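Take a look at the structure set out below.
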Amino acid sequence: MSWQPTNIEQERLEKARRLQAQGVTLYPPRVQRTHTCAQALSALEQAEAQGQPAPSVTVAGRIRRTNLKGKLSFMHIEDESGRIQLFLRVNDMDEATYELVKDRLIDNDDFVQASGQLMRTKAGEISVAVRDFRLLAKSLSPLPVIKQQVRDDGTVIEYGEFSDTETRYRQRYADLAVNRGVREVFIKRARILRAIRDFLDGEGMLEVETPILQPLYGGAAARPFTTYHNQLKQDLYLRISFELYLKRLLVGGLDAVYEIGRDFRNEGVSWKHNPEFTMLEFYKAYTDYYGVMDITERMVSQVCQQVNGTTQIRYGEHLIDLSPPWRRVTMRQAICEHTGIDYMDYLDAASLRQAIINHMPHLSEKPKPDESWGRLVVEFLFGEGVEPHLIQPIFIMDYPREVSPFAKRVEGDDFHVERFEFYIAKMEMGNAFTELNDPLDQAQRFEEMARLYKKGDNDETPIDEDYLRAMRYGMPPNGGFGMGIDRLVMLLTDQHSIRDVLLFPHLRDQK
RNA sequence: GGCCUCGUAGCUCAAUUGGCAGAGCAGUUGACUCUUAAUCAAUUGGUUGUAGGUUCGAGUCCUACCGGGGUCACCA
């Protein structure tokens, strides 16, 4: 929809017209900034400490506050580094320029550049005593108004807020511009990604990139997005995991690889699901899921230490200690502890379902009669009975084989595979296996999955013959790992919706 | 997709049993040469998400739709 200027916007358009009439360039191409706001502040402090004269600076930024007082006016401008006050006195500057300010042709939200000597006001605030003042970019639409009071102890009290979640997500630029805390979350997100890469590089792993557009999808159970290549006349899928491509690389002799990138799953959205999300997967030859557990707890605690300066975090009401070692417990044990049911006493779906109904009367919904044994264990016993209690970091080990087609069997155990998921703050954070490298077993698992899927009304599940071919060349024993980065960011920034750690979360189209 | 809930000025929110749509901030005009949530005076601004319905009268009640949030289902 085309722009319908509001009253305030019409006023600003009129001001823009008047500025132009006075020969002011609204969007000049050049800036002469010498200092960020933060650099200017410390430049004066340094000069004062050394008994030197106050330096002259040119700062630039967005006007966030104006206080016009006749012949002496104040402004705060803000850049990414922080804020600094401008001290504008009619005697010190070109009178015509001062009039622009006084006549309010310069608005809050405009970008400006100001030059002058640094000084302190009577109240002690470091300011630029402005001699030259220029418009850098005119703002035509008003940002939401938030006033701030900075206390002596540095705490900031905000008066007014911009809190409508829908508008904040749809206009993230406005959200970022006025909500400092939002900016901090995304700055921390970038530091988390940096810290993860530093850690994995330090482990000797190689960062790689594999196809996002794939002729076959796989490696997870999720419906894919589909697309089409016009010239090749080829159906393509947006990847739902990196697994099958990364493991091909182990066949090729790259012994430890990782990828950080976007996965796409065509499923429901919720406070912890977005249709596209950032995944980390790594695969390391000559280790198993025990080795991966060691890496996992070191990685998460080290990343937290690096970005938060501690391994203790607060997530909502919970205090969580991420320092290793984390508790390791088998799924069977965890279910026994929390529900009193040992599922190995009920080895067929019908009797297990009955046991669940008998022992877990508080279930909101009873399992349907056609649920498979593996799903009863994972979704009902574990999902309902155990997961809500997992606050501190914990490895849940040894999953039922039928729900894990890429994990190696536990030796001498026909029911379980060497797989763990780790949980923090009731959230499933990641998933790992001792990876299956037996091509004949793998082919059989694919067949099993295809059968299971056909029973439900799911779309076809593709069997990746090329992946099987790769595995037949010989794949070293290895441990693999996957983790949702967005959830880790939520955890380390105390955010409780995935939308708050995505710059542009997916929303429905507006009409 | 089901259920619950919300949608009023640029932002944050009011509006009694259905009875003249309001406030603070910002905006506009004016005063002020050390303010800082500046202050003081005056003042503009509304298709109450959209479309119907009930009613003498609807922001308020009913139906549908759009959008947000929550929850359940789905997500090995």
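Residue numbers begin at 1 in each chain, while the letters A, B, ... track the order of the sequences. Predicted, not measured: the structure shown is a model, and the values here were computed from it.
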In Watson-Crick or G-U wobble terms, both distances under 3.5 Å, what is the partner of [N]?
{"N": "rC65(B)", "answer": "rG49(B)"}
{"N": "rC32(B)", "answer": "none"}
{"N": "rG18(B)", "answer": "none"}
{"N": "rA26(B)", "answer": "none"}

Quick one: which of [options] gets closest to the side chain of [X]?
{"X": "E166(A)", "options": "rG68(B), rU71(B), rA37(B)", "result": "rG68(B)"}
{"X": "R65(A)", "options": "rG67(B), rU33(B), rU36(B)", "result": "rU36(B)"}
{"X": "F87(A)", "options": "rG69(B), rC34(B), rG67(B)", "result": "rC34(B)"}
{"X": "V403(A)", "options": "rG68(B), rU33(B), rA76(B)", "result": "rA76(B)"}
{"X": "E11(A)", "options": "rU71(B), rG68(B), rG27(B)", "result": "rG27(B)"}
{"X": "K15(A)", "options": "rA26(B), rG70(B), rG27(B)", "result": "rG27(B)"}
{"X": "Q85(A)", "options": "rG27(B), rU36(B), rA76(B)", "result": "rU36(B)"}
{"X": "Y159(A)", "options": "rA76(B), rA37(B), rG68(B)", "result": "rA37(B)"}
{"X": "R375(A)", "options": "rU36(B), rC75(B), rU33(B)", "result": "rC75(B)"}
{"X": "M119(A)", "options": "rG27(B), rA31(B), rC34(B)", "result": "rC34(B)"}

Within 45° of the ring axis of Y399(A) and under 6.0 Å from its six-membered ring centre, is that where the NZ or CZ of R419(A) lies?
-> yes

For [X] and [N], give me the distance from atom [atom1] to atom [atom2], rounded to whole Å.
{"X": "D103(A)", "N": "rG30(B)", "atom1": "CG", "atom2": "C1'", "result": "12 Å"}
{"X": "M331(A)", "N": "rA76(B)", "atom1": "CE", "atom2": "P", "result": "13 Å"}
{"X": "H496(A)", "N": "rG69(B)", "atom1": "NE2", "atom2": "C1'", "result": "16 Å"}

Under 4.0 Å between a side-chain N or O of [X] and OP1 or OP2 of [N]?
{"X": "R445(A)", "N": "rA76(B)", "value": "no"}
{"X": "R223(A)", "N": "rC75(B)", "value": "no"}
{"X": "R104(A)", "N": "rG27(B)", "value": "yes"}
{"X": "K147(A)", "N": "rA38(B)", "value": "yes"}
{"X": "R170(A)", "N": "rG68(B)", "value": "yes"}
{"X": "R89(A)", "N": "rC32(B)", "value": "no"}
{"X": "N108(A)", "N": "rG27(B)", "value": "yes"}

Do the ring planes of F406(A) and Y467(A) sit parallel (below 30°), tilted (30 to 60°) or perpendicular (above 60°)?
->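 If you compare the ring of F406(A) with that of Y467(A), the planes turn out perpendicular.
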
Parallel, tilted or perpendicular for F481(A) and F420(A), by the 30°/60° rule?
-> tilted

Report, as a single string ordered 5' to 3', how protein heavy atoms within less than 4.0 Å touch nucleotides 4-14 of chain B: B base, S sugar-phosphate only, - not at all.
-> ------BSS--

Is the distance between the ring centroids of Y343(A) and H359(A) under 6.0 Å?
-> no

Expressed as a whole number of Å, how far does the [atom1] atom of [N] sit from that of [M]?
{"N": "rG24(B)", "M": "rG18(B)", "atom1": "P", "value": "28 Å"}
{"N": "rA38(B)", "M": "rC25(B)", "atom1": "P", "value": "11 Å"}
{"N": "rU48(B)", "M": "rG10(B)", "atom1": "P", "value": "12 Å"}
{"N": "rG27(B)", "M": "rA23(B)", "atom1": "C1'", "value": "16 Å"}
{"N": "rU60(B)", "M": "rU55(B)", "atom1": "P", "value": "16 Å"}
{"N": "rU36(B)", "M": "rU16(B)", "atom1": "P", "value": "38 Å"}
{"N": "rU50(B)", "M": "rC66(B)", "atom1": "C1'", "value": "7 Å"}
{"N": "rC34(B)", "M": "rU39(B)", "atom1": "C1'", "value": "14 Å"}

Would you call K15(A) and E11(A) a salt bridge, taking side-chain N to carboxylate O under 4.0 Å as the test?
-> no

Would D413(A) and R409(A) pass as an ion pair if we require N to O under 4.0 Å?
-> no

Reckon [X] touches a base, only the sugar-phosphate, or nothing at all at heavy-atom distances under 4.0 Å?
{"X": "R499(A)", "result": "sugar-phosphate"}
{"X": "P405(A)", "result": "base"}
{"X": "E158(A)", "result": "nothing"}
{"X": "F382(A)", "result": "nothing"}

If only side-chain N and O atoms count, and only distance matters, is there a donor-acceptor pair under 3.5 Å linking [Y] with [X]?
{"X": "S81(A)", "Y": "Q39(A)", "value": "no"}
{"X": "Y245(A)", "Y": "E243(A)", "value": "no"}
{"X": "Y169(A)", "Y": "D164(A)", "value": "no"}

Which sits closer to the 5' end of RNA chain B, G70(A) or D107(A), going by the nucleotide each is nearest to?
-> D107(A)

Of V378(A) and H506(A), the one whose closest RNA chain B nucleotide lies more 5' = H506(A)

So, R487(A) side chain and K272(A) main chain: donor-acceptor pair closer than 3.5 Å or not?
-> yes

Hey, could you give me each pair passing salt bridge (charged side-chain N to carboxylate O under 4.0 Å, His left out) that has a residue in residues 59-72 of chain A? Not counting sequence neighbours.
-> R64(A)-E78(A)

